[in-house]
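Keep in mind it's a predicted model, so treat the numbers as computed, not measured. First the proteins, then the strands, lettered A, B, ... as listed; each starts at 1.
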Protein chains: 4
Amino acid sequence: MPVDASSQSRDEVLKVFRTGEIIDAARRVIMEVGYPDASMDRIAQEAGVAKGTLYLYFKNKDELLARTFAEEHDQMMDRLRKSAQSVSGYTEQLRSLVRETMGHAVDHQAFRQALHGAPDISPFGTSVSSAEIRREVEDYGGFVAEILEKGMEAGEFRKGNAAKFAMYLTQLVAGAVTAQLHRPEDDACLTSAEELTDFFLLGAQAK
Amino acid sequence: MPVDASSQSRDEVLKVFRTGEIIDAARRVIMEVGYPDASMDRIAQEAGVAKGTLYLYFKNKDELLARTFAEEHDQMMDRLRKSAQSVSGYTEQLRSLVRETMGHAVDHQAFRQALHGAPDISPFGTSVSSAEIRREVEDYGGFVAEILEKGMEAGEFRKGNAAKFAMYLTQLVAGAVTAQLHRPEDDACLTSAEELTDFFLLGAQAK
Amino acid sequence: MPVDASSQSRDEVLKVFRTGEIIDAARRVIMEVGYPDASMDRIAQEAGVAKGTLYLYFKNKDELLARTFAEEHDQMMDRLRKSAQSVSGYTEQLRSLVRETMGHAVDHQAFRQALHGAPDISPFGTSVSSAEIRREVEDYGGFVAEILEKGMEAGEFRKGNAAKFAMYLTQLVAGAVTAQLHRPEDDACLTSAEELTDFFLLGAQAK
Amino acid sequence: MPVDASSQSRDEVLKVFRTGEIIDAARRVIMEVGYPDASMDRIAQEAGVAKGTLYLYFKNKDELLARTFAEEHDQMMDRLRKSAQSVSGYTEQLRSLVRETMGHAVDHQAFRQALHGAPDISPFGTSVSSAEIRREVEDYGGFVAEILEKGMEAGEFRKGNAAKFAMYLTQLVAGAVTAQLHRPEDDACLTSAEELTDFFLLGAQAK
DNA sequence: AATGAATGAGGATTCATTCAT
DNA sequence: CATGAATGAATCCTCATTCAT
């Protein structure tokens with residue numbers, strides 16, 4: 001049975017590995033040509049496999065792309081959670097959260113940037129259309145709200161609607177990230193994580 | 001000659017009129033079927049002209065759509081400017097700005113909502129890809145910054161980087177609008193313009 | 001209005017003409033490569049138009065092929081009806097029907113033969129799957145049954161279930177046509193229309 | 001050597017067994033999803049073997065399907081021959097033949113029905129395209145002709161072209177089976193084996 | 001200027017077949 | 001022998017753009 005066990009897990013590992021390779025290729029393609037022009041053909045080429053192979057690992061294009069997004073989101077959330085655990089005090093957790101979120105965005109800059117190939121939104125409306133996107137928003141928002149709630153109970157923040165405050169912070173962070181990605185030359189708009197957190201805390205800790 | 005001049009301006013007028021009609025049709029189509037499914041065929045049909053005619057007024061689809069967005073943005077800016085003029089005091093101007101922005105978004109809800117057909121962004125990144133979108137962001141941000149600067153000079157807000165604060169407010173408003181459009185059922189996330197402005201002012205007016 | 005009228009009918013005529021050209025091309029392709037291998041690409045090529053053009057005249061492949069079949073069936077039915085009208089006496093009408101059916105089949109031999117590209121049926125089962133095929137069967141069967149009924153009333157045939165007798169004749173004719181198409185070398189199986197009608201009449205006129 | 005011989009025949013037996021299993025699986029798949037949707041993937045799954053294994057026993061899909069049809073035809077012919085042997089008198093043999101043919105068709109209804117997924121034929125043309133189908137037709141027709149010939153010599157039927165009469169009967173039976181499969185609700189078209197044989201005999205036994 | 005028929009590149013997806021293990 | 005992951009040609013269909021009228 002060691003043979004069986006190892007051979008099975010070897011197949012499993014291989015499958016996971018391949019899946020990862022394809023998702024990585026998809027990410028690279030999106031970065032290169034933008035989301036709307038990321039075709040299965042192009043992704044297969046980038047992954048170095050035949051078109052048909054993609055369909056062995058993903059049911060269809062939608063699934064492949066959704067998983068590509070999910071992958072990156074999950075990596076970021078891991079990073080956030082780890083970072084939050086290493087810090088005590090909710091205010092500090094919030095600081096770390098903002099810092100790490102912005103850090104992650106910088107690391108994945110090109111990918112995030114590529115998403116915006118589709119002319120789609122003015123400053124007033126972040127797209128939350130697909131189920132995956134909605135999941136990400138709720139996941140992140142939930143995490144922020146959790147910190148805020150605990151902080152409220154602990155008296156670090158003033159009592160209030162944690163979900164709403166979480167939304168505020170999320171949007172502030174999103175805006176900062178976007179500014180960084182799209183107008184890196186405009187110093188006036190560059191915000192450090194600290195600065196942004198400070199601004200938020202003025203609202204959240206107002207006596 | 002008068003004849004020439006008048007005939008030319010008549011043509012000009014006609015051209016502008018037609019252009020407007022097409023842009024309106026494009027807006028209606030986007031509202032009806034969503035951005036990703038807004039085809040030239042459909043727009044021509046809605047405008048009551050032949051497909052080829054669209055290309056007499058717009059170089060290509062991209063231009064047509066960019067101008068459609070621009071049109072709507074300009075209408076909103078008009079609204080904001082008018083409203084600001086009717087109010088005295090920068091704090092009040094800011095309140096009016098937030099109120100009108102959110103009001104406009106509600107009035108054009110279907111249009112904004114339609115934009116989100118394309119799966120596009122996680123909470124961290126508002127699309128600012130195309131030149132048009134960039135223009136809109138700068139236009140709006142500039143307007144906000146102007147109010148803030150004057151308010152700073154007038155001592156209504158604490159001194160600081162007006163552009164940065166403008167960005168903060170812009171993002172907060174964007175987030176509130178998005179929440180309203182996409183999760184109208186989730187009361188916890190619904191923010192009134194007043195509430196949101198209050199939160200922002202805690203940061204902007206902190207002594 | 002002559003201008004309008006003529007121009008409109010000119011478009012109509014053109015549309016009908018083009019439709020006919022494509023249907024003809026489809027028939028030729030089916031003849032050449034067989035039904036299962038008749039692709040839209042191939043048909044477009046044969047018709048001398050672009051792939052996309054096919055979709056201006058037919059909603060999709062199914063419709064194009066169904067109309068190709070319908071066209072041929074309708075031509076045959078026209079032929080049968082005309083021939084029947086030129087003959088008096090139901091027995092003679094039946095003879096003419098058999099004769100013309102077999103004649104038509106011979107004229108369209110290659111087309112009929114091509115249908116059988118799909119290995120599909122043993123001698124026991126004529127495919128009547130699609131709505132179009134069913135329509136053809138009922139159309140033809142109904143025509144035969146009508147002659148038989150009138151002939152029964154006129155005393156030319158013995159009373160009985162006209163529909164059932166129509167089915168018998170239809171199958172006999174189908175068999176003769178098939179034999180002719182697929183085994184033209186086997187004299188033993190070649191049946192003249194007269195011979196076949198005679199055989200049927202033995203059953204239909206038995207006292 | 002015995003060892004060799006037995007081991008070889010053991011392999012032979014195994015090969016035949018496997019082949020049979022696959023053919024059975026193919027039949028089940030055709031019954032379930034219809035001929036046009038019977039894929040190698042699906043057949044392999046049904047047979048409980050890997051896709052590649054199919055190609056160890058059959059050169060390609062065409063061969064596998066042809067053998068599947070052949071198998072079923074051979075089973076029917078066995079049934080017909082057995083039944084004919086148990087009956088004396090050629091007229092009776094003919095009756096039994098019609099009865100058994102229709103009985104077999106009913107027993108394998110789903111299989112036959114599944115064949116008709118491919119839109120294929122108008123009333124004028126039973127598919128006899130592939131070599132396999134041709135073989136089946138000749139096999140069946142030969143069997144019928146044999147009975148007819150003997151019956152003619154024995155004076156039970158009038159002298160004539162046995163092959164031709166065999167074809168007539170074959171087609172009548174085919175028609176009856178088809179009607180039964182495709183229009184089971186239309187009583188007018190349902191023919192019992194007896195009725196059909198009676199009709200045929202009017203022609204075959206006419207003095 | 002206006003038309004709209006025609007174009008054809010490009011997209012997603014399927015599946016018979018092969019071949020390294 | 002058996003496997004099944006990988007292949008890639010082939011299929012149907014869409015739609016932005018062009019151009020003869």
| In whole angstrom, what separates D:Phe58's CZ from E:dA16's P? | 15 Å
| request: Mind calculating the distance between CZ (B:Phe17) and P (E:dA2) to the nearest angstrom? | output: 12 Å
| Spacing of A:Glu72 atom CD and A:Glu136 atom CD [to the nearest 0.5 Å] | 8.0 Å
| query | So which one's nearest nucleotide on DNA chain F is more toward 5', D:Val49 or A:Val49? | reply | D:Val49
| message | Pick the closest DNA chain F nucleotide for A:Leu14 and for C:Lys59 by heavy atoms, then say which residue is nearer the 5' end. | response | A:Leu14
| message | Please compare D:Tyr55 and B:Gly52 by the position of their nearest nucleotide in DNA chain E and report the one closer to 5'. | response | B:Gly52
| message | Between A:Glu46 and A:Arg42, does any NZ, NE, NH1 or NH2 come within less than 4.0 Å of an OD or OE carboxylate oxygen? | response | yes
| Salt-bridge criterion met for C:Arg135 and C:Asp74 (N-O under 4.0 Å) | yes
What's the closest nucleotide to the side chain of [X] if the choices are [options]?
{"X": "C:Ser39", "options": "E:dA1, F:dT7, F:dT11", "result": "F:dT11"}
{"X": "D:Lys61", "options": "E:dT13, F:dA16, E:dT17", "result": "E:dT17"}
{"X": "C:Leu56", "options": "E:dT7, F:dC1, E:dT17", "result": "E:dT7"}
{"X": "C:Ala50", "options": "E:dA16, E:dT7, F:dA2", "result": "E:dT7"}

| Presence of D:Thr53 side-chain N/O under 4.0 Å of F:dT3 phosphate oxygens OP1/OP2 | yes
| message | Using only modelled atom types and a 3.5 angstrom limit, is any donor from either the side chain of C:Lys51 or the base of E:dG10 paired with an acceptor on the other? | response | yes
| Contact class for B:Arg18 vs. all strands (heavy atom < 4.0 Å): base, sugar-phosphate, or nothing? | sugar-phosphate
| task | Could you check whether A:Tyr57 gets within reach of a base, just the sugar-phosphate, or nothing at all, counting any heavy atom under 4.0 Å? | result | sugar-phosphate
| field | For B:Tyr55 against B:Asn60, the heavy-atom pair lying closest together | value | CE2-CA, 4.0 Å
